[in-house]
Amino acid sequence: MAEPAKIAVSNQKGGVGKTAVAINVAGALNQRGRDVLLVDLDPQGAATEGLGFLEEYDAQPPSLFEVLTEPEQREEIRDLVVEHEEMDVVPSNIDMTAAEPELTLSRRGGEQLALALQEIEDTYDYIIIDCPPYLGYLTDNGLYAAQNLLIPALAESTSKRALELLFDHVEALELDYEITIDERGVVANRVEETNEAKEMMQWFDDAFPDVPVWEVRKRVALQRAFSAGSSIFEYDSDLDMADVFLEIAASLDDQFGFADPGVAP
């Protein structure tokens, strides 16, 4: 198999529903027949919890912390992968709260996840990386490993400054590592019927003329799916927002050159 498509889901502004977007995009890709690995890079372990792996979050070493901070344990990532009915998962761990200072001291602190993923990536079509809700070495690891970016954001004016900070950080990372990080789309999340939301949707379209912008309306069922340990597709595939996530998955397939499901390459 060719190298998988890797996508970092990142926005340092908290409360944008970043993890729910990551899980539901992964679920939508699974619906299209793709083999997906979700990597929970957030020390808070929201995706790990949201997919039902609380025991792994509290597990004894080795964990993702050792994989990222101790090169001799990098291959242990193979044993961390757990199976969910919709995707495989590399869970976060409570010890990840100590990862930032360790990575800061490392000579190649931003490259550790990319090196670890080389141990397992050849069995997947997509690797979705749920980044922490802040800018630091863990987010750098996600962005460097993926070099593709999916941006969840709220349709609120505060998103403008948050996105400015994100892109300043991405630009600095590109210069430091001599890489290019491609934007793959913006997911306007939890959109409500307000004038501010309408204005922000227009702003997203104007600010991102070259990438898709998707609108995910606020739905209680999305939170209920998260609480039930699944994407919306396992919880209630009839929800109207399921179609939006399928559109995202179809666009990603197109951008990365995957054939339509059921169509011979």
Side-chain angles (χ1 to χ4, degrees), residues 4 6-10 14 17-27 29-30 35-106 108-124 126-134 136-146 223-231 234-235:
K6 303 185 189 79
I7 303 168
V9 181
S10 182
K18 171 182 56 64
T19 296
V21 168
I23 289 174
N24 283 293
V25 168
L29 289 166
N30 173 69
D35 292 322
V36 183
L37 174 69
L38 188 146
V39 179
D40 186 0
L41 206 55
D42 186 349
Q44 298 177 76
T48 300
E49 177 184 356
L51 291 170
F53 297 114
L54 271 177
E55 289 187 6
E56 283 73 11
Y57 183 73
D58 293 320
Q60 295 298 308
S63 70
L64 187 55
F65 172 78
E66 283 75 26
V67 166
L68 295 178
T69 62
E70 300 179 21
E72 66 275 10
Q73 295 203 49
R74 192 174 292 145
E75 64 184 24
E76 297 289 342
I77 193 172
R78 298 174 185 171
D79 297 325
L80 299 183
V81 178
V82 290
E83 294 183 2
H84 183 273
E85 58 189 333
E86 298 178 85
M87 68 202 78
D88 284 355
V89 180
V90 173
S92 187
N93 185 274
I94 192 170
D95 291 342
M96 287 282 284
T97 55
E100 284 289 335
E102 293 290 331
L103 291 169
T104 301
L105 296 172
S106 173
R108 302 174 69 184
E111 302 176 37
Q112 297 307 306
L113 179 61
L115 294 169
L117 288 176
Q118 291 176 5
E119 302 285 338
I120 56 173
E121 63 185 21
D122 59 354
T123 59
Y124 299 101
Y126 283 91
I127 297 177
I128 306 296
I129 303 169
D130 186 27
C131 294
Y134 54 82
Y137 271 94
L138 282 172
T139 295
D140 288 355
N141 268 266
L143 293 170
Y144 178 85
Q223 181 58 43
R224 289 176 177 168
F226 181 87
S227 299
S230 71
S231 78
E234 288 297 315
Y235 181 77

Q: Take atom CD in Glu72; do more than 12 heavy atoms of anything else shown fall under 6.0 Å from it?
A: yes
Q: Residues two or more places apart in sequence or in another chain: which of them pass side chain to side chain contact (heavy atoms under 4.5 Å, CB included) with Ala22?
A: Val9, Leu38, Ile128, Asp130
Q: With sequence neighbours excluded, what pairs up with Gln223 under the side chain to side chain contact (heavy atoms under 4.5 Å, CB included) test?
A: Phe226, Ser227
Q: Determine which pairs satisfy side chain to side chain donor-acceptor pair (under 3.5 Å) with at least one residue from residues 40-57, sequence neighbours left out, and list them in order.
A: Asp40-Thr48
Q: What side chain to side chain donor-acceptor pair (under 3.5 Å) pairs are there with at least one residue in residues 89-102, not counting sequence neighbours?
A: none
Q: How long is the span from the CG atom in Asp140 to the CG atom in Leu41, to the nearest 0.5 Å?
A: 10.0 Å
Q: Looking only at heavy atoms, which two atoms of Ala225 and Tyr235 are closest? And how far apart?
A: CB-CB, 3.6 Å
Q: Mind checking what makes side chain to side chain contact (heavy atoms under 4.5 Å, CB included) contact with Asp88, not counting sequence neighbours?
A: Leu37, Val81, Glu83, Tyr124
Q: Within the supplied structure, the quantity of interest is the number of heavy atoms (other residues, nucleotides, ligands) at a distance under 6.0 Å from Leu115 CG; does it exceed 12?
A: yes
Q: Leu138 and Leu68: side-chain contact (heavy atoms from CB on, under 4.5 Å), yes or no, with the steps?
A: CA-CA 9 Å; Leu138 282 172; Leu68 295 178; 3.8 Å; yes
Q: Residues in side chain to side chain donor-acceptor pair (under 3.5 Å) with Glu70, at least two apart?
A: Gln73
Q: Show the numbers, then the answer: is there a side-chain contact (heavy atoms from CB on, under 4.5 Å) between His84 and Phe53?
A: CA-CA 9 Å; His84 183 273; Phe53 297 114; 4.0 Å; yes
Q: Glu66 side chain to Ser63 main-chain N or O, any donor-acceptor pair under 3.5 Å?
A: yes
Q: Side chains of Asp35 and Thr123: does their closest heavy-atom pair fall under 4.5 Å?
A: no
